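Below, chain A is the first sequence line, B the second, and so on; all start at residue 1. Not measured: the values here are computed from a predicted model.
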Amino acid sequence: MIQTTALIDGNNFYASCEQSLDPSLIGRPLVILSNNDGCIISRNPEARNLGIKMGKPYFKISSQLRKLKVVVRSSNYALYGDMSQRLMSLLRKHCEQLEIYSIDEAFASFSSSSEQELHQWARNLRILAIQQLGIPIAIGFGTTKVQAKLANFLAKTIPANAGIFNLLTAEDPEYWLKRIAIEDVWGIGNKLAYWCRMKGINNALQLRDMNTQELQSKSGITGTRIQQELRGESCIPLTPKSKPKQETCVSRSFRRPITTLDELLQAMARRVIIASEKLRRQRQLAGAITIFIRTSPFLPSFYSQSASKKLDIPTDDTSILLKETMELTREIFEPYKALIKAGIIMQKLQSKKHIQQHFFINHNSKIQKKRENLTRVIDQLNNRYGHGTVTWAICGSINEWQMGSKDQSNVSTTLINKIPIIKAE
DNA sequence: TCTGGGGTCCTAGGACCC
DNA sequence: TCTGGGGTCCTAGGACCC
């Protein structure tokens, strides 16, 4: 019996989440915008059929969208995160081994099942996802992760496949591989796809059969692994246990460019506070931090700057991280640069469970405990009454240059006062 | 006026050591 | 002061993913 790998994912996940909570959206073209209402990051089939492309800047096509009567929503990540957890717990119930790969995707593996059993299992899972979550899913089968990924692509994009495709048992696998453009192969990005096209490699089948040496010389081990997997030899293993994060980043754009140190300090303070909260939620400590600022990459005289600092003692303490960040910010600030984005990366993360004891610091001191208690209370208040209820004065009050989203759906599965209400006639 | 945010992996090259 | 080869570790940057 051959080992089978499956890739299961939610179709147009963000758009489907919105439709699931607001059925009036079903059947109407719908797009979801990125943070700051920057660009299109999800769209339902109705919007896709109107020719609306992924990644398009919103300001360039907003009038066209109005004309076409497309519904536009700002993104609501709290909602998508919650729906993701529900989807994953459904999948866990129905898979032996599951690796959660992204907010809307998971790999599964099966040691022994007949083709019919697998197909029946997949049909059943699709029904459950619709019934319990209102989210359509697609399922692809292969021997390796790359094959499963491509099978999933064929399940979704070829209507006749109805959301399920098995590359192992397909009558003519080569016919199907030929139908997958080189850009659509998992692991082949812009640069590699362009190089492939130049060489006359235009689809997944040609990539599978091309000269390995040549591929290796261009893309190293990453490219040859994809080729091996296309040929059915597994070299990207399933990793069901999620690894602890190596770094955590909080980065945001401004609604309008900022040029003063005061504004930048406030912006950085907000980011480091969010980042510290993230660390505590993940039960991790940062051993180093990097901050960065940049001007618009779409304008001439692009400017970007960053600065890092190693911390003597790894920490998740907001006030310590704030102090370090403020110092770094003062160091790299330059006047008259129209900054549009700033962020902080927490690095050299380690688990809070086994803290490396410092010779001069007593981690169990009274003062240390008091600080931790204060932080815990602040976190609890913010969780309960909304983010930013209690915060540091350095953040300033709400400013016009901060991020903005206009059309967020006013529903939530995580805040009690925004639970959707069903009215009886 | 307006172009997202958060990650991982790999590689080349520098610093350092014997 | 100059000479040689070989190894490890770290870092920055590129490419890619969703």
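- Residue contacts for A:Lys341: at a heavy-atom cut-off of 4.0 Å it reaches the sugar-phosphate backbone alone, with no base atom in range.
- Using a 4.0 Å heavy-atom distance criterion, A:Ile345 is classed as making no nucleic acid contact.
- Counting non-hydrogen atoms of neighbouring residues, nucleotides and ligands closer than 6.0 angstrom, the CZ atom of A:Arg330 reaches no more than 12 such neighbours.
- When each of B:dG5, B:dG4, C:dC18 is scored by its nearest atom to the side-chain atoms of A:Cys39, the top-ranked nucleotide is B:dG4.
- Residue contacts for A:Leu33: at a heavy-atom cut-off of 4.0 Å it reaches no nucleic acid atom on any strand shown.
- Donor-acceptor pairing under 3.5 Å is lacking for the side chains of A:Asn12 and A:Arg43.
- Ring centroids of A:Trp121 and A:Phe110 are separated by less than 6.0 Å, placing the two rings close together.
- Residue A:Leu207 contributes atom CG, which lies 12 Å from atom P of C:dC16 at whole-angstrom precision.
- We find that OH of A:Tyr77 is positioned 7 Å from C1' of B:dG5, with the value rounded to whole Å.
- Using a 4.0 Å heavy-atom criterion, one finds that A:Ser296 contacts no nucleic acid atom at all.
- For C:dA15, neither phosphate oxygen OP1 nor OP2 lies less than 4.0 angstrom from any side-chain nitrogen or oxygen of A:Ser219.
- Under 4.0 angstrom from either OP1 or OP2 of B:dG5 there lies no side-chain N or O belonging to A:Lys278.
- Considering only the side chain of A:Asp104, C:dC18 comes nearest among B:dG6, B:dG4, C:dC18.
- Considering only side-chain atoms of A:Ser34, the nucleotide from B:dG4, C:dC17, B:dC10 that sits closest is B:dG4.
- Distances shown here put every side-chain N or O of A:Lys218 at or beyond 4.0 Å from the OP1 or OP2 atom of B:dC10.
- Under the 3.5 Å distance criterion, the side-chain polar atoms of A:Asn36 are left unmatched by any main-chain donor or acceptor of A:Gly38.
- For A:Phe59, counting side-chain heavy atoms from C-beta on, the closest listed nucleotide (C:dT11, B:dG4, B:dC2) is B:dC2.
- A close approach under 4.0 Å does not occur between any side-chain nitrogen or oxygen of A:Ser62 and OP1 or OP2 of B:dC2.
- If you check every strand for non-hydrogen atoms under 4.0 Å, A:Glu247 touches a base.
- Residue-to-nucleotide proximity on DNA chain B shows that, of A:Gln282 and A:Ile41, the 5′-proximal contact is made by A:Ile41.
- With hydrogens and angles ignored, the 3.5 Å screen pairs no side-chain donor or acceptor of A:Ser84 with any backbone N or O of A:Tyr80.
- Judged by centroid separation below 5.5 Å and plane tilt below 30°, A:Tyr58 does not stack onto the base of B:dC2.
- Picking from B:dC9, B:dG4, C:dC18 the nucleotide with the shortest atom distance to the side chain of A:Lys243 gives B:dC9.
- Minimum atom distance to the side chain of A:Lys310 is reached by C:dT11, of the listed B:dG6, B:dT11, C:dT11.
- Proximity note for A:Lys191 (side chain, C-beta onward) versus B:dG4, C:dC16, B:dC9: the nearest is C:dC16.
- The separation between A:Arg294 atom CZ and B:dT3 atom C1' is 13 Å, rounded to whole Å.
- One P atom belongs to B:dT3, the other to C:dC18, and the distance between them is 25 Å to the nearest Å.
- In summary, the side chains of A:Thr290 and A:Gln347 do present a donor paired with an acceptor at a separation below 3.5 Å, with no hydrogens or angles considered.
- Distances were taken from every side-chain heavy atom of A:Asn190 (C-beta onward) to each of B:dG4, B:dG5, C:dC16; the shortest belongs to C:dC16.
- We find that CD1 of A:Ile103 is positioned 14 Å from C1' of C:dC17, with the value rounded to whole Å.
- In this structure, the nucleotide among B:dT3, B:dT8, C:dC18 sitting nearest to the side chain of A:Tyr101 is C:dC18.
- Summarising the geometry, the separation between CD on A:Glu277 and P on B:dG6 is reported as 13 Å, rounded to the nearest angstrom.
- A cation-pi contact links A:Lys145 to A:Phe107, judged by a cut-off of 6.0 Å to the six-membered ring centre and 45° from its axis.
- Summarising the geometry, the separation between CG on A:Asn35 and C1' on B:dC2 is reported as 15 Å, rounded to the nearest angstrom.
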